[in-house]
Enquirer: 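This is the structure I want to talk about, given as structure tokens.
Given the structure is predicted, the values throughout are model-derived calculations rather than measurements. Computation of the quantities below employed the complete heavy-atom set of this structure, encompassing side-chain atoms and omitting hydrogens, waters and symmetry-equivalent molecules. Chain naming here is simple, since letters A, B, ... match the order of the sequence lines and numbering starts at 1 in each.
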Amino acid sequence: MEELIRDLNPPQREAVTAGDGPVLVVAGPGSGKTRVITHRIAWLLSRGVPPWRIIAITFTNKAADEMRERVLRLVPAGTGLWVSTFHSACVRILRREIEALGYKNSFTIYDTADRDRLLKKIMEEEGFSPRDVRPAALGRRISWFKNRALGPGEHLGAGNEIDVILEKVWPVYRERMKTANALDFDDLLLLTLELFHRFPSVKEKWSGRFLHVLVDEFQDTNKIQYDLAKNLSSAHGNIMVVGDPDQSIYGFRGAQVRNILDFEKDFPAARIVKLEQNYRSTEKILRAAGTVISNNLARKEKDLWTEKRGGEPLDLLMAPTAEEEALRVAGRVRSWLASGVSPGEIAVFYRVNARSRLLEAAFRAEGIDYRVVGALSFYQRREIKDVLAWLRLVVNPFDEISFSRAVSAPPRGVGGKSLERILARARSLGLSPVDVAADPAGIPRLTSKAKEGLAAMAKLLGSLRADAGRAPALEMVRRALEETGYLDWIHETADPLEARDREANLDELLSAAAQVDERDPEGGLAAFLERVSLVSDQDGLASKGEVVQLMTLHTAKGLEFDAVAIVGLEEGTLPHLFSIDSEEGVEEERRLFYVGVTRARKHLLLSFAESMMSAGEWREMERSRFLGEIPQDVFNSWGPEEEDQEEDPEEERDLLPPAPPGEGPGPGARVRHGSYGEGVIKAVRGDKRNKRLVVDFGEAGTKILLLEFSDLEFL
DNA sequence: CCGGTGCTAACACCT
DNA sequence: TTAGCACCGG
């Protein structure tokens with residue numbers, strides 16, 4: 001027991017060895033908060049608390065896995081611990097309890113894309129055009145309300161077009177989700193909470209089971225999650241929450257820093273421990289972070305300090321365009337590598353996913369191996385979603401969205417119209433779409449090909465279902481691939497290159513299944529689908545060795561690297577345009593920047609571009625206000641001021657299209673294009689770098705070309 | 001009904 | 001640049 005606390009500083013030790021009752025740990029970046037949680041769990045175990053009576057909530061599955069490992073290293077007898085995200089914990093509870101709420105425990109988890117597909121269908125049925133309001137916008141709005149514990153009818157939809165549509169669509173969405181025996185991400189939390197509220201005995205059962213509740217990243221919990229944590233600890237009040245108000249970056253998901261204040265109110269007896277010594281970053285990095293964050297008015301003062309004096313100066317980089325910025329950053333990464341920083345210890349952060357494309361191109365050009373963490377996930381790919389649809393149907397034949405997908409992957413002569421008739425019939429008979437497909441005779445106006453196809457589909461699903469309980473996940477995925485004819489279909493339709501690409505992805509899916517089998521031999525298909533539904537951006541697939549990592553600032557939360565580059569420090573990017581007009585919004589952006597900066601141990605590079613291409617237009621950018629908030633003496637040079645004057649006119653001229661003589665190529669001028677041949681300019685639109693030419697190329701048609709990239713020869 | 005083609009609009013952050 | 005959609009021919 002002694003060695004558990006030997007290497008801890010006094011406040012860490014206080015938190016780890018705290019007695020029963022509520023504890024709030026306010027932990028600055030790099031102050032050893034993960035250490036505190038793992039040692040706390042180990043401490044509890046060593047004092048005889050059975051592992052299955054401890055639940056620790058983390059932000060991602062990856063963090064959960066790591067935490068479990070670290071605890072087991074300290075106390076090997078820790079099997080049975082619950083370490084998971086809120087979402088995973090809720091799924092585990094719901095699998096056992098959800099029947100009380102009228103769902104079947106074989107429920108499917110819908111991701112955002114599934115949700116939006118269903119919403120689109122409902123909108124069409126209700127006579128709304130998915131063009132006026134995008135289904136995804138509705139979906140986000142529903143999620144927005146749910147994350148704030150508001151239901152249909154409870155929202156204040158005065159005049160807002162989305163909310164008017166929502167009024168009609170949301171109730172139907174609820175019904176349909178229930179019919180499909182499906183839950184969206186928000187439902188996982190909400191229904192668990194509903195369960196606790198409506199069935200006190202269930203709540204007592206679970207809160208009685210867990211003697212200790214620990215919540216990491218508490219500053220990013222929303223009201224629902226806070227209520228869940230409170231409910232889970234209601235029997236004994238042994239709850240420890242760990243967080244840092246300055247790192248709260250999920251306001252858009254309903255996260256409220258207020259939870260930290262409420263915690264002190266809800267638990268007046270709470271012990272409060274502050275961790276202020278930073279073990280991660282150099283003094284320069286820490287000072288930059290500290291002065292930036294001190295510009296937030298809505299915060300509690302906190303003094304982070306470190307014993308690491310000095311450190312390397314921060315690096316500031318300015319580039320005329322975002323492309324150029326990416327290239328220069330890649331170049332800087334190359335010199336980090338050359339100076340001995342290992343690739344896995346280097347990361348590049350950006351505010352918006354779109355920025356990763358430029359970086360990827362630059363890294364490829366530089367020949368540096370990299371990995372994009374998160375972003376358009378593997379599981380969003382078409383072939384993956386198709387196969388998963390089959391597998392989800394095996395477990396839950398009521399899942400309409402998966403049925404709609406599987407029925408035409410591969411196609412079997414059933415299109416939109418027939419599909420609607422099948423689903424309608426299923427709903428009216430209270431059967432699953434798969435049941436209806438098994439007996440296609442009852443469905444009007446089907447071709448014989450469609451009937452055969454449907455019967456075969458139902459038969460195959462039945463046979464897969466018979467094995468689903470006992471076969472390993474790997475075998476189920478392989479059977480789905482082969483017996484549905486999916487693999488063959490890919491090779492018949494797609495061009496060979498694309499087919500190979502897709503098959504490679506499917507191979508990865510097979511390895512993912514094998515991995516689940518290995519971790520959880522009893523779990524089978526159900527465990528696989530669950531894991532797949534709840535992967536987070538940080539989780540990724542099997543990590544591809546030691547390479548440079550690219551990710552958003554949000555994904556960077558909780559990670560640390562020797563060398564960090566943060567790109568896109570422009571007004572409108574960071575802080576983002578959508579946040580710029582409210583003080584609250586800007587403060588959250590500032591925290592996001594703070595999170596990014598504090599990920600770095602030794603080297604920090606900050607960069608921005610003076611212009612970028614977005615939505616097909618060049619936009620001039622200004623450097624982010626946050627840069628101006630950093631004390632100048634932490635930089636190796638505060639160059640941009642002078643550079644602005646010397647370099648700018650030069651660079652600007654290089655980038656602008658050559659000034660045309662006189663009024664330049666105007667309407668009527670003849671031009672030649674590499675592939676379209678000769679043509680005549682019909683009109684000129686836009687100005688400066690956004691100047692576009694409308695050119696009639698005769699047989700090749702009329703094209704609109706951005707002058708800068710048009711490569712035209714003027715005749 | 002299926003699948004390819006060409007047009008249009010848009011483009012946070014995440015479980 | 002791309003994703004998603006309407007449209008059209010087989």
Enquirer: Let's see if you can work this out: which of B/dC1, B/dC14, B/dG3 has an atom nearest to the side-chain heavy atoms of A/W489?
Expert: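 So the side chain of A/W489 is nearest to B/dG3.
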Enquirer: B/dA10 P sits how many Å from A/F578 CZ, rounded?
Expert: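 Roughly 11 Å, once rounded to whole Å.
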Enquirer: Do A/F59 and A/Y250 have ring centres separated by under 6.0 Å?
Expert: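 Yes, ring centres under 6.0 Å apart.
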Enquirer: Without decimals, in angstroms, what is the distance between A/M613 CE and C/dT2 P?
Expert: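 The answer, rounded to whole Å, is 12 Å.
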Enquirer: Which nucleotide wins on minimum distance to the side chain of A/S418, given the candidates B/dT15, C/dT1, B/dC1?
Expert: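 From the listed options, B/dC1 comes nearest.
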Enquirer: Tell me which nucleotide among B/dT15, C/dT1, B/dC13 gets nearest to the side chain of A/H554.
Expert: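 Among the listed nucleotides, the one closest to the side chain of A/H554 is B/dC13.
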Enquirer: So if I take every side-chain heavy atom of A/R357 and compare against B/dA12, C/dT1, B/dT15, which nucleotide ends up nearest?
Expert: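 In terms of side-chain proximity for A/R357, the closest of B/dA12, C/dT1, B/dT15 is C/dT1.
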Enquirer: Would you say B/dT15 has OP1 or OP2 under 4.0 Å from some side-chain N or O of A/N147?
Expert: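 False: A/N147 side-chain N/O out of range (4.0 Å or more) of B/dT15 OP1/OP2.
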Enquirer: Mapping A/F185 and A/V414 to their closest nucleotides on DNA chain B, which lands nearer the 5' end?
Expert: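 First, find each residue's nearest nucleotide; the 5'-ward one identifies A/V414.
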Enquirer: Do the side-chain N or O atoms of A/T552 get closer than 4.0 angstrom to the phosphate oxygens (OP1, OP2) of B/dC14?
Expert: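 So the side chain of A/T552 is within the cut-off, an N or O lying under 4.0 Å from OP1 or OP2 of B/dC14.
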Enquirer: Whether A/N353 contacts B/dC13 is assessed here as follows: a side-chain N or O lying under 4.0 Å from the phosphate OP1 or OP2. Is that the case?
Expert: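 Answer yes for this pair, as a side-chain N or O of A/N353 is under 4.0 Å from OP1 or OP2.
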Enquirer: Among C/dC5, B/dT15, B/dC14, find the nucleotide with the atom closest to the side chain of A/K120.
Expert: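 Side chain of A/K120 sits closest to C/dC5.
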Enquirer: From B/dC1, B/dC13, B/dG3, pick the nucleotide closest to the side chain of A/P411?
Expert: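 Of all the options, the side chain of A/P411 is nearest to B/dG3.
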Enquirer: With a 4.5 Å cut-off on side-chain heavy atoms, are A/M177 and A/Y110 touching?
Expert: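 The answer is yes, as the side chains (C-beta and beyond) meet within the 4.5 Å cut-off.
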Enquirer: Are A/F349 and A/H554 close enough that their ring centres sit under 6.0 Å apart?
Expert: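 That pair fails the under 6.0 Å test.
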Enquirer: Does the side-chain ring of A/F252 sit on the six-membered ring of the B/dC13 base, less than 5.5 Å centre to centre and under 30° in tilt?
Expert: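 The ring of A/F252 is stacked on B/dC13.
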Enquirer: Can you identify which nucleotide, out of B/dC14, B/dT15, B/dA12, has its nearest atom closest to the A/H87 side chain?
Expert: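 Between B/dC14, B/dT15, B/dA12, the one nearest the side chain of A/H87 would be B/dT15.
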Enquirer: Quick one: A/R591 CZ to B/dA12 P, roughly how many Å, whole number?
Expert: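 Answer to the nearest Å: 21 Å.
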Enquirer: Regarding B/dC13, can its base be found pairing with the side chain of A/R253 as donor and acceptor, where the two atoms are less than 3.5 Å apart?
Expert: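 Counting by modelled atom types and ignoring angles, no donor-acceptor contact under 3.5 Å is found here.
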Enquirer: Do A/Y173 and A/W170 have their ring centres less than 6.0 Å from each other?
Expert: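 Not under 6.0 Å, so no.
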Enquirer: Which nucleotide in the list B/dC2, B/dA12, B/dT15 gets nearest to the side chain of A/E589?
Expert: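 For the A/E589 side chain, the nearest candidate turns out to be B/dA12.
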